[in-house]
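Worksheet for the structure shown next.
Numbering of ligands and ligand atoms starts at 1, following listing order.
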Amino acid sequence: MSIVEYRRPEHEIAPVFVSRWSPRAFTGEDIPPATLLSLFEAARWAPSARNAQPWRFVYARRGSDSFETFVSLLHDRNQVWACRASALAVLLSNRTIVWEDKLVPLPSHSFDAGAAWTNLALQANLLGWHTHAIGGFDRDRTRQALDIPDSLAIEVVIAIGRIDGKDSLSPELQEREVPSTRLPLSELIREGTFRR
Ligand SMILES: Cc1cc2nc3c(=O)[nH]c(=O)nc-3n(C[C@H](O)[C@H](O)[C@H](O)COP(=O)(O)O)c2cc1C
């Protein structure tokens, strides 16, 4: 059964919304620099409050010294599979913005960074690659190891790679290597007021 059949939308949508999912089995192959830049380019065009564009990325390609550092920042349960990604990127967001010559808080910095992550993930899928967001990592060590200033919030690590067969995973992870489903739309939307 294809993924689009398994993750059947209730209403018509572009296939990319269901074909994007978060595998753990990656081939570990090199990602062409142009492909990686295309993903960040898609992120760049995300919308943001006041067009502040608070998203920032630090990335490492597999095979580089910095890649090993990035992997070491992940919790063990994520290291075991994310070490086979072609690249890892840390998504950061700027907590403030200069507005009318003053540095003011940007309350939507994480929300905006989330939009950038989604653009990146969908672009990856459109190019035949997959992504997997990772919240399970050591943020303090990440700030220190990657020299991230306090003005930037650390949002998530993004694993980017080409999907592999699940045989490459441990039996436990093989069992979890199934695209997720979603709550029914009727649970998510209300017309008029929230309470029925
Ligand atoms: C903010 C965030 C943090 C996540 N952290 C982890 C993680 O630490 N480890 C992991 O295996 N998956 C992680 N995920 C992946 C989610 O579990 C996954 O996106 C979710 O189950 C929906 O499945 P899908 O992306 O395949 O549609 C994270 C996703 C997000 C958006």
Side-chain angles (χ1 to χ4, degrees), residues 1-11 13-28 39-40 42-43 46 48 54-60 67 69-93 95 108-143 146 148 152-166 168-185 187-188:
M1 191 187 281
S2 85
I3 195 167
V4 177
E5 287 167 297
Y6 173 75
R7 302 179 109 191
R8 194 178 284 278
E10 293 176 28
H11 300 273
I13 52 174
V16 69
F17 293 107
V18 284
S19 62
R20 183 223 57 84
W21 69 287
S22 306
R24 293 187 177 85
F26 288 118
T27 60
L39 308 197
F40 293 128
S48 58
W55 42 80
R56 300 288 182 273
F57 296 90
V58 197
Y59 72 92
F67 187 83
T69 305
F70 278 48
V71 171
S72 74
L73 301 170
L74 305 177
H75 292 167
D76 290 352
R77 67 171 190 279
N78 291 317
Q79 280 192 22
V80 290
W81 57 267
C83 64
R84 299 277 302 162
S86 303
L88 291 170
V90 183
L91 171 55
L92 312 165
S93 68
R95 302 180 214 266
S108 61
H109 63 95
S110 290
F111 180 86
D112 295 340
W117 138 248
T118 303
N119 274 17
L120 185 155
L122 295 174
Q123 178 67 12
N125 199 269
L126 288 167
L127 296 178
W129 293 75
H130 277 78
T131 55
H132 194 138
I134 303 171
F137 65 101
D138 188 323
R139 285 174 169 70
D140 291 340
R141 283 207 297 123
T142 299
R143 188 173 294 287
L146 307 187
I148 297 166
L152 297 179
I154 301 177
E155 303 288 353
V156 83
V157 178
I158 302 167
I160 302 161
R162 191 86 82 174
I163 197 167
D164 200 2
K166 60 180 176 181
S168 61
L169 296 172
S170 66
E172 188 205 332
L173 286 183
Q174 282 187 32
E175 251 177 59
R176 296 172 62 194
E177 193 74 340
V178 182
S180 56
T181 55
R182 290 298 185 264
L183 298 169
L185 195 57
E187 267 191 50
L188 308 179

For [X], I'd like to know if atom [atom1] has over 12 heavy atoms of other residues, nucleotides or ligands within 6.0 Å.
{"X": "R176", "atom1": "CZ", "value": "no"}
{"X": "F137", "atom1": "CZ", "value": "yes"}
{"X": "E10", "atom1": "CD", "value": "yes"}

Where on [X] is there a heavy atom closer than 4.0 Å to ligand 1, on the side chain, on the backbone, on both, or on neither?
{"X": "E177", "value": "neither"}
{"X": "H132", "value": "side chain"}
{"X": "F137", "value": "neither"}

Any nitrogen or oxygen of [X], main chain or side chain, under 3.5 Å from a nitrogen or oxygen of ligand 1?
{"X": "R7", "value": "yes"}
{"X": "R176", "value": "no"}
{"X": "S180", "value": "yes"}

Which residue supplies the protein heavy atom nearest to [atom], what is that atom called, and how far is it?
{"atom": "atom 13 (C) of ligand 1", "result": "A133 O, 3.0 Å"}
{"atom": "atom 1 (C) of ligand 1", "result": "V156 CG2, 3.9 Å"}
{"atom": "atom 11 (O) of ligand 1", "result": "R24 NH2, 2.7 Å"}

For ligand 1, which atoms sit closer than 4.0 Å to a heavy atom of [X]?
{"X": "G136", "answer": "8 (O)"}
{"X": "G135", "answer": "3 (C), 4 (C), 5 (N), 6 (C), 7 (C), 8 (O)"}
{"X": "W21", "answer": "26 (O)"}
{"X": "N78", "answer": "7 (C), 8 (O), 9 (N), 10 (C), 11 (O)"}
{"X": "S22", "answer": "19 (O), 24 (P), 25 (O), 26 (O)"}
{"X": "W81", "answer": "11 (O)"}

Less than 4.0 Å between atom 5 (N) of ligand 1 and some protein heavy atom, yes or no?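 Answer yes: something from the protein, a heavy atom, is under 4.0 Å.
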Are any non-hydrogen protein atoms located under 4.0 Å from atom 22 (C) of ligand 1?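 So far as the 4.0 Å threshold goes, atom 22 (C) of ligand 1 is in reach of a protein heavy atom.
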Hey, what do you get for [atom1] ([X]) to [atom2] ([Y]), rounding to the nearest 0.5 Å?
{"X": "E177", "Y": "W81", "atom1": "CD", "atom2": "CH2", "answer": "9.0 Å"}
{"X": "W129", "Y": "T27", "atom1": "CH2", "atom2": "OG1", "answer": "6.0 Å"}
{"X": "I158", "Y": "H132", "atom1": "CD1", "atom2": "NE2", "answer": "11.5 Å"}

Is it true that E155 lies under 4.0 Å from ligand 1, counting heavy atoms only?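 In this structure, E155 fails to qualify as a contact of ligand 1 - no heavy atom is under 4.0 Å.
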Just to check, does R20 reach to within less than 4.0 Å of ligand 1 when the distance is taken from its heavy atoms?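 So R20 counts as touching ligand 1.
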Does R24 make a cation-pi contact with F26 (under 6.0 Å, within 45 degrees of the axis)?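 That pair does not qualify as a cation-pi contact.
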Tell me yes or no: between the side chains of S19 and R7, is some donor less than 3.5 Å from an acceptor?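 The answer is no; no qualifying pair exists.
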Shortest non-hydrogen contact from F67 toward A82: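 Taking F67 first and A82 second, the nearest heavy atoms are CZ-O, 3.9 Å.
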Minimum heavy-atom distance between R162 and G128, given as atom pair plus value: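 Between these two residues, the closest heavy atoms are NH1-O, 3.2 Å.
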Kindly say whether L169 contributes a backbone atom to a donor-acceptor pair with the side chain of Q174 at under 3.5 angstrom?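 Such a contact is found between Q174 side chain and L169 backbone.
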With distance as the sole test, does R20 use its side chain to make a donor-acceptor pair with the main-chain N or O of A124 at under 3.5 Å?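 Pair absent, no side-chain N/O of R20 close to backbone of A124.
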